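Notes to accompany the following structure.
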Protein chains: 2
Amino acid sequence: MNIGEASAASGLPAKTIRYYEDIGLVRPGRGDNGYRDFVESDVHKLVFVARSRSLGFTVEECRHLLSLYEDRGRASADVKAMAREHLARIDRKIADLEGLRATLGALVERCHGDDRPDCPILERLSGGPAA
Amino acid sequence: MNIGEASAASGLPAKTIRYYEDIGLVRPGRGDNGYRDFVESDVHKLVFVARSRSLGFTVEECRHLLSLYEDRGRASADVKAMAREHLARIDRKIADLEGLRATLGALVERCHGDDRPDCPILERLSGGPAA
DNA sequence: CCTTGACCTTCCAGTTGCTGGAAGCCCCAT
DNA sequence: ATGGGGCTTCCAGCAACTGGAAGGTCAAGG
């Protein structure tokens, strides 16, 4: 199948699929006309990568997960370890964002937000105590 | 003062300060030797930008905040609106991450993580119902 | 047979926000 | 004058695509 169908089947833009080929995530065959030719297993891989990406794994992690997936004898412990690491990253990110949210939220609350020029947000950014 | 001192005073790497000059966030003067010459107000701006960035504003937003800050007659409503928008973005991001966390956390829980090859995480990535 | 339009190809550039490194001045102390 | 820092510029690269230009291919309609 052509890249357009592969795109429809996987939900990934054609551009992205070409990019994934560039970096060696998929290796579709080629027809006589030079068009890429995707078989079922290629599409399967694309879906796998799309799902992994949507869970926030980096492309390199996807590559790794893919290789684990294709290694029929691999241990699930490897996968679990990666997933756990990723989970920890997510938790850190959430914590960071919640800190931000608290700080910024407090500033927004204190800003009266009318047409007067004094503004606690700018004051804090400019010179107030950090954090 | 030289870029090194400005860096120490603002907490930003010299490289970053040069970059900020490149994109027009600061415009330090120059000495006869070609060295950048930062005055107090330049450092002040750098600190302002550093704080805004650390609150997660994009560089373009920092530029905007800076111009609002320098406009003595601006309305605090403008600032508040930007901050609120940013707050909404943060909230969306947190929600996304929490969704991820839930999905991935559930998968990790269900993965026994030993040396057997079957793994619910890979199964989900490969073909299970999409989140 | 020719044209039209959709689809495919490659390659180059741009995005965001820096960061690293190379090559080459400059300044100060010994 | 020599050494070691600090300063300058410019070029490249990170992630993960995305947009666009220039051109080849294919199927349908007239």
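Just so it is clear, the structure is predicted and the values come from calculations on it, not from any experiment. Letters A, B, ... are given to chains in the order of the sequence lines, protein chains preceding strands, and every chain is numbered from 1.
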*Angle by which the axis turns from one end of the helix from dC1(C)-dG30(D) to dT30(C)-dA1(D) to the other, five pairs per end, to 10 degrees*: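 The helix from dC1(C)-dG30(D) to dT30(C)-dA1(D) shows an end-to-end axis angle of 30°.
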*Going by an N to O cut-off under 4.0 Å, is there a salt bridge joining R110(B) and E123(B)?*
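Looking at E123(B) together with R110(B), the answer is no, because their closest N to O distance does not fall below 4.0 Å.
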_Quick test of your reading of the model: are R63(B) and E60(B) salt-bridged, counting only N-O distances below 4.0 Å?_
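The answer is yes: the pair qualifies as a salt bridge.
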Using a cut-off of strictly less than 4.0 Å, decide whether [X] has a side-chain nitrogen or oxygen near OP1 or OP2 of [N].
X	N	result
R18(B)	dC10(D)	no
T16(A)	dT18(D)	yes
N33(A)	dC26(D)	yes

In this structure, how many angstroms lie between the [atom2] atom of [N] and the [atom1] atom of [X], rounded?
X	N	atom1	atom2	answer
I17(B)	dT8(D)	CD1	C1'	15 Å
E61(A)	dA16(D)	CD	C1'	14 Å
I3(B)	dC25(C)	CD1	C1'	16 Å
L46(B)	dC18(C)	CG	P	12 Å
Y20(B)	dT16(C)	OH	P	14 Å
E21(B)	dT19(C)	CD	P	17 Å

*Which part of the nucleic acid, if any, lies within contact of I23(A), taking any heavy atom under 4.0 Å across all strands shown: a base, the sugar-phosphate backbone alone, or nothing?*
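The residue I23(A) makes no contact with any strand.
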Among the candidates [options], find the nucleotide nearest to the side-chain atoms of [X].
X	options	value
N2(B)	dT18(D), dT8(D), dC7(D)	dC7(D)
K15(A)	dC26(D), dG20(D), dT19(C)	dG20(D)
P13(A)	dT9(D), dA16(D), dT18(D)	dT18(D)
R53(B)	dC17(D), dC18(C), dC26(C)	dC18(C)
Y35(B)	dT9(C), dT8(D), dT18(D)	dT8(D)

*Where each residue is assigned the nucleotide of DNA chain C containing its nearest heavy atom, which of T58(B) and A14(A) is assigned the position nearer the 5′ end?*
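In this pair, the answer is A14(A).
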